[in-house]
Amino acid sequence: EKEGVRWSWNLYPQSRLEGTRMVIPLGCLLTPLKEWASVPLLTYEPIRCKTCAAILNPFCEVDYRSKLWVCPFCTARNTFPQHYADISENNLPAELYSQYTTVEYKLGAVAPQFQGQQPMRTLAPPPIFVYVVDVCLPTEGETEALKDALTMSFNLLPENAQVAFITFGTTVQLHEIGNADCSKTWVFRGTKEVTTQQLVEFLSPGKPLNQQPLQQGQPETVPDLPDARRFIGTLSEIEFTLTSLVDDLQPDPWPVPPNHRPLRATGAAVSVAVALLESAYRGFGGRIMTFLAGPCTQGPGQTVSDDLGESLRLHNDLKADTAPYFAKSKRFYDFMVPRCVANGHTVDAFVGSLDQVGVAEMKSLIQGTGGVVLFGDSFTSNQFKGSFHKLFSTGKDGHLRMAFNAAMEVRTTPDWKVAGCIGPCVSRNKKSTSVSESELGIGGTCQWGMSAMDYNTTFALYFDTVGQQGQPLPRGGYRYMQVITRYQHPSGEYRLRATTLPHKISETVNPNDLAQAFDQEASAVLMARIAVFKADTEHLFDVLRWLDRHLIRLVAKFAEYQNNEPSTLRLNPAFALFPQFCYHLRRSEFLQVFNSSPDETANFRIMLDRQTCSNCVLMIQPTLHCYSMKGPPQAVLLDSQSVQPDVILLLDSFFEVCIHHGETIAAWRKAKYQDQPEYEYFRQLLEAPKTDAANIIKDRFPVPRLTDCDQRGSQARILLNKINPSTTHNTNGPQYGQQGGELMYTDDASLQTFMEHLKKLAVQN
């Protein structure tokens, strides 16, 4: 785990047949750029296998006398280059030390390609940030808050960052910021998409653009930049111009008739930003940061009409295919994804609106390019301000904690193959002997591209075993995987990180031995990502049935029981929590879309597909801590029995942090007992969860919503929506108001009922 890898099974059979009987697929959650102190930073080119291009690693067999090394992936014999002539058992390069299974190569301002032995090189400019700002803001306070956020971000960017500025409302305005003496704005119609060819012809007549797509292994061409420099400038040189431009921002002057929404050309503005970067910085890392205050009401990407009498699309509209703009708008953004990824550009969405803005339509563009979604009710909210500030946080080296224009490649030994990946990436369609015939997630390739990623971005990789029954185990009893991640560092350097890991092959199929190698948390997250991936294209009922079948088969295989006797079922402790995870996943906002807008559902699923294992587990099954006068704070069950009138509960569901005061505690607080010296202990009790909540918010990105509520208050629904309804109006539990937990009015099945049905189905013949 210290290297950013968690396996569903730390021990797995070799044969394909036995692998299918394991129920939960073999997979891992991989954080390619996880920060840890033991990663050596090497300043020379990696040594690659001449046959499969795998990188030298500690699991290679080395002949020191002959200066040869054997690749563990293809068994090819390779000679060391001349500068390794002094290698010996007592004089090893960093790549061969057993503790350095992950190494990083600092390649300077050069871009190595995955194919071919001679890397193609090209200069890398500093990171590029294109601001795409919505000026159809509802109030003056919103406008001022957004201006403050933009100005703050200028102070957090590196001085050599390249910046462009676009505003949009009824029309799209591309601001010429390279000339401080005379401000100039180029205006585009908001009803039409702007292609790269159209943009170049409009801005620079007579200068055609070569639109040949980038070919793998070919040098990246850098178009002529004189015209683009008028619109994209170095921050240190144009900061005064940018700040003045932001200070002078005014709401869209286009009049809005009564009972109408403002005309907002979000899709046209995004197309201008994509075309600008494609014409000026093709192949180099850049971020298109969109600030959205409402839905797109005209042109490409339209979400709803400007007539307030027409409501925004809901999940029922999408299910019934009655949303008039959704399919066309989604295709518009889908078409941009391969262009952006090929060019190394990502799209972010920063939302300051109570209304939907069209994130559901933009989901593929944001997720496919590795973009970030920050949701806030308003640009004035602390949640938005805190999240936006953390986006530009820097590491110990003083650089932004971002990576640009990245690509990740997986190599495996012949006894297993990669079936697919689920995460903020797109397929590069690269075939190799490491690619499985079956696909799970984004499959059919061994290489994935992502325009941007951070040091916590986590991908789910799935594998197939292809060995035959009775086949002898490889020497050592391990299979190997190597993940090669190339990315552009914010400093302008290109870096390559190689992680090589062994995975133990099981010599037995005894369920008790295999159970000890099961990681419940990693498996729950891997299954959740598959379920969410399916939910984008399949009916919810089918997804839940798929999840239930896998859970029943898993319990039937690894539990001890007598046939048709549910009371005899005993589940191995290694699987004890997994049914709970599945129960909460079935009820979560990732699958249950009731009471969520399409934009909110898209945001939830984007976050699940990119966060670390621990954060994803928190999303699936939140934590609940209890504060009372009976003792120190302690973790309690996520159950209605935990809701008592004399305690304070702290719920952490990753997206929200809720402080819930019991009825008695709330009455004492309203009576202001905490202000009296003799009740100092009560004041400390009230402050303890607030302090812990502040610590949670301080360390999390994006910043969660903080809610402070009382039992049976309107905001208490946030807690009640997450807990297990073990006491309801249909049970024979305590009556309303008694000391037996919160009585919940719901028809949802409790965890106890869920487990009873699971036992009955698992023990059937």
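If you read the sequence from its start, that first residue is 1, and numbering goes on from there.
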ask   = If you take all heavy atoms of A349 and I366, which pair is closest and at what distance?
value = CB-CD1, 3.7 Å
ask   = S153 versus M289: any side-chain heavy-atom pair under 4.5 Å?
value = no
Heavy atoms from other residues, nucleotides or ligands near CG of N316 exceed 12 (cutoff 6.0 Å) = no
task = Kindly say whether L526 contributes a backbone atom to a donor-acceptor pair with the side chain of R529 at under 3.5 angstrom?
result = no
query = Can a donor-acceptor pair be found between the side chains of T191 and Q298 at a distance below 3.5 Å?
reply = no
message = Using the ring-ring contact (aromatic ring centres under 6.0 Å, His included) criterion, which residues pair with F154? Sequence neighbours excluded.
response = Y131
query = Any donor-acceptor pair under 3.5 Å linking the side chain of S393 with the backbone of K390?
reply = yes
ask   = Less than 4.5 Å apart, any side-chain heavy atom of D134 and any of T266?
value = no
ask   = Given S588 and L585, is the side chain to side chain contact (heavy atoms under 4.5 Å, CB included) satisfied, shown in steps?
value = CA-CA 5 Å; S588 70; L585 175 62; 3.8 Å; yes
Side-chain donor-acceptor contact under 3.5 Å, N405 with Q488 = no
request  = Indicate whether any N or O donor in one side chain lies under 3.5 Å from an N or O acceptor in the other, for Q162 and T234.
outcome  = yes
inquiry  = Atom NZ of residue position K192 - does it have more than 12 heavy atoms of other residues, nucleotides or ligands inside 6.0 Å?
reply    = no
message = Looking at D599 and R313, is there a salt bridge between them, counting it only when a charged N and a carboxylate O are closer than 4.0 Å?
response = yes
message = Tell me whether R610 contacts the main-chain N or O of M453 through its side chain, where contact means a donor paired with an acceptor under 3.5 Å.
response = no
Minimum heavy-atom distance G386-V703, with the two atoms named = C-CG2, 3.6 Å
key: K330 atom NZ, over 12 foreign heavy atoms within 6.0 Å   = no
ask   = If every non-hydrogen atom of R712 is compared with every non-hydrogen atom of A716, which pair is closest and at what distance?
value = N-CB, 4.0 Å
message = We want to know whether T380 and S378 form a side-chain donor-acceptor pair, criterion being a heavy-atom distance below 3.5 angstrom.
response = yes
side-chain contact (heavy atoms from CB on, under 4.5 Å) partner of M362, chosen from T303, L292, V373 = L292
task = Show your reasoning for whether side chain to side chain contact (heavy atoms under 4.5 Å, CB included) applies to C340 and V274.
result = CA-CA 7 Å; C340 289; V274 171; 3.9 Å; yes
message = Between R287 and T346 (side chain of the first, backbone of the second, donor and acceptor by atom type, cut-off under 3.5 Å), is there such a pair?
response = no
request  = Look only at the side chain of H661 and the backbone of Q711, and say whether a donor-acceptor pair between them is shorter than 3.5 Å.
outcome  = no
task = State, with a plain yes or no, whether a side-chain heavy atom of D692 is found less than 4.5 Å away from one of Y627.
result = yes
query = So H489 and Y487, would you call those rings parallel, tilted or perpendicular, with 30° and 60° as cut-offs?
reply = tilted
query = How many angstroms lie between atom CG of L374 and atom CG of D348, to the nearest 0.5 angstrom?
reply = 7.5 Å
query = Does R264 use its side chain to pair, donor to acceptor, with the backbone of G169 at less than 3.5 Å?
reply = no
inquiry  = To the nearest 0.5 Å, what is the distance between CD1 on I659 and CD on Q715?
reply    = 13.0 Å
V130, V132, L150 screened by side-chain contact (heavy atoms from CB on, under 4.5 Å) with F165, the one that passes = L150
inquiry  = So F404 and P490, do their side chains get closer than 4.5 Å, heavy atoms only?
reply    = yes
query = With distance as the sole criterion, is a donor-acceptor pair present between the side chains of D454 and T457 under 3.5 Å?
reply = yes
request  = Would you indicate whether D321, at its atom CG, is surrounded by more than 12 heavy atoms from other residues, nucleotides or ligands within a distance under 6.0 Å?
outcome  = no
query = When the ring planes of F379 and F291 are compared, do they come out parallel, tilted or perpendicular, using 30° and 60° as the limits?
reply = tilted
ask   = Strictly by modelled atom types, are S596 and E589 linked by a side-chain donor-acceptor pair under 3.5 Å?
value = no
task = Identify the two heavy atoms, one from P324 and one from E310, that lie closest to each other, and give their separation to 0.1 Å.
result = CG-OE2, 4.1 Å
request  = To the nearest 0.5 Å, tell me how far F594 CZ sits from H315 NE2.
outcome  = 11.5 Å
ask   = Under the 3.5 angstrom rule, does the side chain of E600 hit a backbone N or O of S597 as a donor-acceptor pair?
value = yes
Heavy-atom side-chain proximity of L245 to T167 below 4.5 angstrom = no
key: Matching residue for C425 among D609, I442, V341 - test: side-chain contact (heavy atoms from CB on, under 4.5 Å)   = I442
query = Do V647 and I665 touch side chain to side chain, with heavy atoms closer than 4.5 Å?
reply = no
query = Taking it one step at a time, do Y333 and V347 satisfy side chain to side chain contact (heavy atoms under 4.5 Å, CB included)?
reply = CA-CA 11 Å; Y333 289 116; V347 179; over 6 Å; no
request  = With rounding to the nearest 0.5 Å, note down the distance linking CG in L638 to CG in L719.
outcome  = 7.5 Å
request  = Please examine the side chains of C626 and S642, heavy atoms only from C-beta on, and report whether any two atoms are closer than 4.5 Å.
outcome  = no
task = Using distance alone, with no hydrogens and no angle criterion, decide if N724 and H584 have a side-chain donor and acceptor under 3.5 Å apart.
result = no
task = Under the side-chain contact (heavy atoms from CB on, under 4.5 Å) rule, collect the residues that match up with E687, sequence neighbours excluded.
result = R683, K690
message = Does atom CZ (R189) have a neighbourhood of more than 12 heavy atoms from anything else shown, all under 6.0 Å?
response = no
Heavy-atom pair of closest approach, residues P622 and L651 = CB-CD1, 3.8 Å
Working for side chain to side chain contact (heavy atoms under 4.5 Å, CB included), residues T290 and F350 = CA-CA 6 Å; T290 62; F350 307 131; over 6 Å; no
ask   = Are V133 and H175 side-chain neighbours, meaning at least one heavy-atom pair lies under 4.5 Å?
value = no
request  = Calculate, to the nearest 0.5 Å, the distance between atoms CZ and CD belonging to F332 and Q302 respectively.
outcome  = 12.0 Å
key: Any donor-acceptor pair under 3.5 Å from D317 side chain to L314 backbone   = yes
message = Tell me whether H660 contacts the main-chain N or O of V643 through its side chain, where contact means a donor paired with an acceptor under 3.5 Å.
response = no
Side-chain (T143) to main-chain (T139) donor-acceptor, under 3.5 angstrom = yes
inquiry  = Under 4.0 Å between a side-chain nitrogen and a carboxylate oxygen: does that hold for D377 and R705?
reply    = yes
request  = Please report the shortest heavy-atom distance between T297 and S305, naming the atom on each side.
outcome  = CG2-O, 4.0 Å
message = Would you compute the distance between atom CZ of F335 and atom OG of S271 and round it to the nearest 0.5 angstrom?
response = 11.5 Å
task = Run the salt-bridge test on E35 and K396 with the 4.0 Å N-O cut-off and return the result as yes or no.
result = no
